[in-house]
Amino acid sequence: MLYLGGNQMKVPYELSYVKGRFAVNGLALPLSEPLVAPTPKYTAQERAQIAFGQRVGDVADSLRAVGMSPQQQGEVIRLMCAHSSLVDSVAVAPRGVTWWFHGGGRDFPRQIQVELAQKWVPVKPVSQREREVNELGRIRGFLETGSAVFILGEGSSVIMPPEKADPLVAQARTGKALGGTLPLLEAQLRSPVQLERVK
């Protein structure tokens, strides 16, 4: 059994992605408005601290990539911090380097740490198409084993055995509270989302 936004979908299920949107039988959840986080306003000192932290991170990545030992990485980063007018103090440990900026800021932390590690091996990025194929396979796998699949939104789902899903759906549809453990699922089952036809 498959629910999309609280709507029970009809079998056979035709699962697909259309322009990056998960769809069942040609229907998809409506696009949600992207959340816009307010941009923090940093002081000149905070901007300089952020830039320094990014430079240290880039250097640490470069040192790992060429196979420099964690001990050697720590020494290079310690020297960078020791020669920066932004840094108050620095401490090197076997697994990381921690430094403290002078003063500290409102939005940027006063203490920063970078991890020391063996040679860094870049991970091949997974394409959107590969993620979509993997997600379709995952959902098909659950359906084939008889699980109930509730798709709540992009990247959000609830999987449960049908013997638990049937009473839960019946309870939500009659208006009885589910105990608040799955508020979005409960809301969608009570008032299913209007799906959109996608091509």
Side-chain angles (χ1 to χ4, degrees), residues 1-40 50 53-54 57-58 60-61 64-65 95-96 107-109 112-115 117-118 120-199:
M1 128 179 42
L2 175 61
Y3 285 81
L4 181 60
N7 299 278
Q8 185 170 8
M9 305 308 289
K10 293 185 170 129
V11 291
Y13 304 125
E14 183 186 323
L15 306 181
S16 62
Y17 271 87
V18 179
K19 296 180 184 169
R21 295 172 68 185
F22 176 77
V24 181
N25 303 338
L27 297 169
L29 291 166
L31 292 172
S32 57
E33 293 294 319
L35 296 174
V36 179
T39 305
I50 291 167
Q54 290 171 336
D58 290 343
D61 287 343
R64 281 187 212 110
R95 300 191 69 144
D107 297 312
F108 192 70
I112 303 291
Q113 183 173 31
V114 68
E115 183 181 340
Q118 296 297 329
W120 175 74
V121 179
V123 177
K124 180 185 172 226
V126 178
S127 71
Q128 179 176 341
R129 181 71 186 135
E130 288 174 296
R131 283 192 302 275
E132 291 171 356
V133 167
N134 291 340
E135 181 64 7
L136 292 173
R138 185 181 80 84
I139 292 169
R140 283 187 187 107
F142 283 124
L143 292 170
E144 287 168 7
T145 62
S147 296
V149 178
F150 299 89
I151 306 293
L152 307 177
E154 195 61 42
S156 177
S157 60
V158 176
I159 315 295
M160 64 180 64
E163 63 270 11
K164 290 189 177 182
D166 290 336
L168 180 122
V169 170
Q171 187 176 345
R173 295 259 162 97
T174 59
K176 294 180 182 171
L178 301 179
T181 56
L182 301 167
L184 181 56
L185 175 59
E186 184 175 347
Q188 288 184 355
L189 289 172
R190 285 203 179 122
S191 179
V193 175
Q194 181 71 40
L195 301 177
E196 297 176 353
R197 175 91 32 210
V198 289
K199 300 175 186 172

Does a side-chain heavy-atom distance below 4.5 Å link [X] with [Y]?
| X | Y | result |
| --- | --- | --- |
| V24 | I151 | no |
| N7 | L27 | no |
| L184 | F150 | no |
| V198 | K19 | no |

Legend entry - Lys/Arg-Asp/Glu bridge criterion (N-O < 4.0 Å) met for R190, E186: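 Counted as a salt bridge, because a side-chain N and a carboxylate O are separated by less than 4.0 Å.
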
Check [X] against [Y] and note the closest heavy-atom contact, atom names and distance.
| X | Y | answer |
| --- | --- | --- |
| L136 | S16 | CD2-N, 3.8 Å |
| G6 | P192 | O-CG, 3.6 Å |
| P30 | V193 | CD-CG1, 3.4 Å |
| L29 | G5 | CD2-CA, 3.5 Å |
| A165 | A148 | CB-CB, 3.4 Å |

Inset, instruction - Could you tell me whether Q194 atom CD has more than 12 heavy atoms of other residues or ligands within 6.0 Å of it? - result: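 For Q194, atom CD is not crowded (no more than 12 foreign heavy atoms under 6.0 Å).
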
Inset, instruction - Evaluate whether atom CZ of R95 has more than 12 neighbouring non-hydrogen atoms of other residues, nucleotides or ligands under 6.0 angstrom away. - result: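 Not buried by this count: 12 neighbours or fewer within 6.0 Å.
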
Inset, instruction - Please lay out, stage by stage, how I139 and F22 fare under the test side chain to side chain contact (heavy atoms under 4.5 Å, CB included). - result: CA-CA 11 Å; I139 292 169; F22 176 77; 3.6 Å; yes

Inset, instruction - Carefully, step by step, assess Y17 and E135 under the rule side chain to side chain contact (heavy atoms under 4.5 Å, CB included). - result: CA-CA 10 Å; Y17 271 87; E135 181 64 7; 3.3 Å; yes

How far does [atom1] of [X] sit from [atom2] of [Y], to the nearest 0.5 angstrom?
| X | Y | atom1 | atom2 | answer |
| --- | --- | --- | --- | --- |
| L168 | E163 | CG | CD | 12.5 Å |
| R138 | L143 | CZ | CG | 10.0 Å |
| L31 | R21 | CG | CZ | 3.5 Å |
| N25 | R197 | CG | CZ | 8.0 Å |

Inset, instruction - Starting from the C-alpha separation in whole Å, work towards a yes-or-no answer on side chain to side chain contact (heavy atoms under 4.5 Å, CB included) for Y13 and L4. - result: CA-CA 11 Å; Y13 304 125; L4 181 60; over 6 Å; no

Legend entry - Donor-acceptor contact below 3.5 Å, side chain T174 vs main chain A170: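 Yes, the answer is positive, given that a donor and an acceptor are paired below the 3.5 Å cut-off.
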
Inset, instruction - Measure from the side-chain N and O atoms of S191 to the backbone N and O of Q188, and report whether any donor-acceptor pair falls under 3.5 Å. - result: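 Pair absent, no side-chain N/O of S191 close to backbone of Q188.
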
Legend entry - Chi angles and distances behind the side chain to side chain contact (heavy atoms under 4.5 Å, CB included) call for Q171, L189: CA-CA 9 Å; Q171 187 176 345; L189 289 172; over 6 Å; no

